[in-house]
Amino acid sequence: MSRLLLLSSIVVSGMTLSATVQAEDQHSFAELDRVSTPHLELDLTVNFAEKQLEGTATYNVSRHADADELVLDTSDLTIHKTELWLNDKWQETPFTLAEPHETLGQKLTIQVGDSSEKVRIHYETAPTASGLQWLTPEQTAGKKHPFMFSQSQPIHARSWIPIQDTPALRLTYDATIRTPDQLRAVMSADNALTAERSDAYELSMPQPIPPYLIAIAVGDLEVKSISDKVAVFAESYIIDDAAWEWADTPKMIEVTEAMYGPYRWDRYDLLVLPPSFPFGGMENPRLSFITPTVVSGDRSLINLIAHELAHSWSGNLVTNASWRDLWINEGFTSYVENRIMEAIFGKRRAQMELALGYQDLLGDLETLAPADTVMNIDLGTRHPDDVFSQIPYVKGQLFLVYLEEKFGRDVFDAFLRDYFDAFAFQSISTEQFKNYLQQNLLAQNPGVVSMEKVDEWIHGEGLPEDAPRPTSDAFEQVEKQMMVWLKGGQLQTTEWTTHEWLHFINNLPLDISAVNLARLDREYALTTSDNAEIAHAWLKLSIIKKYEPARERLRSYLLSIGRNKLVAPLYRELARTPDNLKWAREVYQEARSGYHPLTQSVNEAILYQEGDE
Ligand SMILES: [Zn+2]
């Protein structure tokens, strides 16, 4: 399935954006060039007992062609009724729900006639909705109340809202969320900071966003302000720690505005998710969703906040038009993240983080199929979740580092700032970016970088010969110390941050002796480290080295954390030997109900489909 979308003029909340979107989105049935949906009103009841959302989605209809059908994406939804607003009242209208596609869900086609301005869908979600996770009270830290949250990116919004689920669309939304009255509902919207709980919350997102940025969470949430513009929403057990950990967020906003222009989303709040949140963070506008595993007690993992904040420019403001253009979101964001870290914490730390990212990229380049190392990747209809790698992130970032080095920072910063202005609140394809780059950077500075070189980066496999290969002096020092330590000397770790520890553990020689492993653990208590990243690196090594004293911690780690980046590599390492695989399956079965659907599907592939059963 493939289609060409050509939108000439989208009317959004009374203002006309002349957005020309040319994209081939192979992951949506929507036909935006015929009928699109610039505004959504949600009215949903949150039913924890049934693990269901139930209610209505009402769309403003915008016709771009002679068309009388609205096509939406759905997945696992039960559609009860569809209606049109005609002659001042709601009137039922026919719909058809196609057979399920393997990865894309079910196409919903609604007869909208030629004059109705609004369409309403009555529906409910399935308890198995891929974009929602429902946690029992026992699965939360407070143990008293249930918790529910969404993860819509890339194509899971359709599992909780019937929607034109393509990032080429931009829409505003209003929502009424009906909850049990002890709980608070928050969304990627104008969340109130008042402490009062209610049984219904009215929320609004006035800026046009792509569907994958519609987000909801409902739980026993407190709120604490960091500044007049930034607050943390969290369960009470972690709210003070999170507010302390992320105290630099207001400063991060300031330095980013100085580099790339105004923050255009009014407030920037942070929501701490339960440990089962499958990602590090999700850049839901106005309210980033964040894993508790980065509340490390030493502010050493705050680059994740820099990353989600950076998305307020790259991704949320200027958005990839389809998932094969993901590098437009993530490459720019990784670049901006690193610039924020440099501006606040200095070059040394930023360089360490860049070098760590580069090491991760090298690992992926070794294992990925060559065609999947292309930035403008050909996904076909493969699920974007199945093709997740460092390519759009770090290769994209290195491409921008390369341009910065070639044109100089002043020129490149000015270019980026203009780029964010030029495409603000629009979704763009890789081709549109290339045209803009040609006109506004390459042609203005002739003879510096050719379009062939740009094409090599964007459409070529692997890394170009002259790609930046970031290293870090700090890591060279760590490696020198490692040599001394392996010969029986002492480490000087008082100045070490999480990054140095990760580099140390990840680069220990695999023939390290059992005696030395035990010594390291005795001297630095790595098995019991509270830092989720350091513990991860150590536990992974403990599997490879069959270091049994870490086994019980490994078990409790896998049972208490569902962030996929931290658990999947451990299951993958365990799956390499029959004994470990058997043990891993037992742990997995115990952990499974606490994992997000995405974490479940990734790890079941590792433990069962790739295994010997
Ligand atoms: Zn990102």
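Bear in mind that the values here come from a model prediction, so they are computed numbers and not experimental data. Both ligands and their constituent atoms are indexed starting at 1 by order of listing.
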For a side-chain contact (heavy atoms from CB on, under 4.5 Å) check, start with the C-alpha distance between Glu245 and Ile305, then their side-chain angles and the critical distance, and finish with the verdict.
CA-CA 10 Å; Glu245 192 86 24; Ile305 306 300; over 6 Å; no
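- Restricting Glu330 to its N/O/S atoms, the shortest distance to the Zn ion (ligand 1) is reached by OE1.
- The N, O or S atom of His307 with the smallest distance to the Zn ion (ligand 1) is NE2.
- Between Glu456 and Lys453 there is a salt bridge, since a side-chain N of the basic residue sits under 4.0 Å from a carboxylate O of the acidic one.
- Using a cut-off of 2.8 Å, one finds that Glu308 contributes no N/O/S atom close to the Zn ion (ligand 1).
- We find the CZ-CG distance between Arg286 and Leu271 to be 15.5 Å, quoted to the nearest 0.5 Å.
- His311 has its closest N, O or S atom to the Zn ion (ligand 1) at the position named NE2.
- For the atom pair Tyr358 OH and Leu365 CG, the distance stands at 8.5 Å (nearest 0.5 Å).
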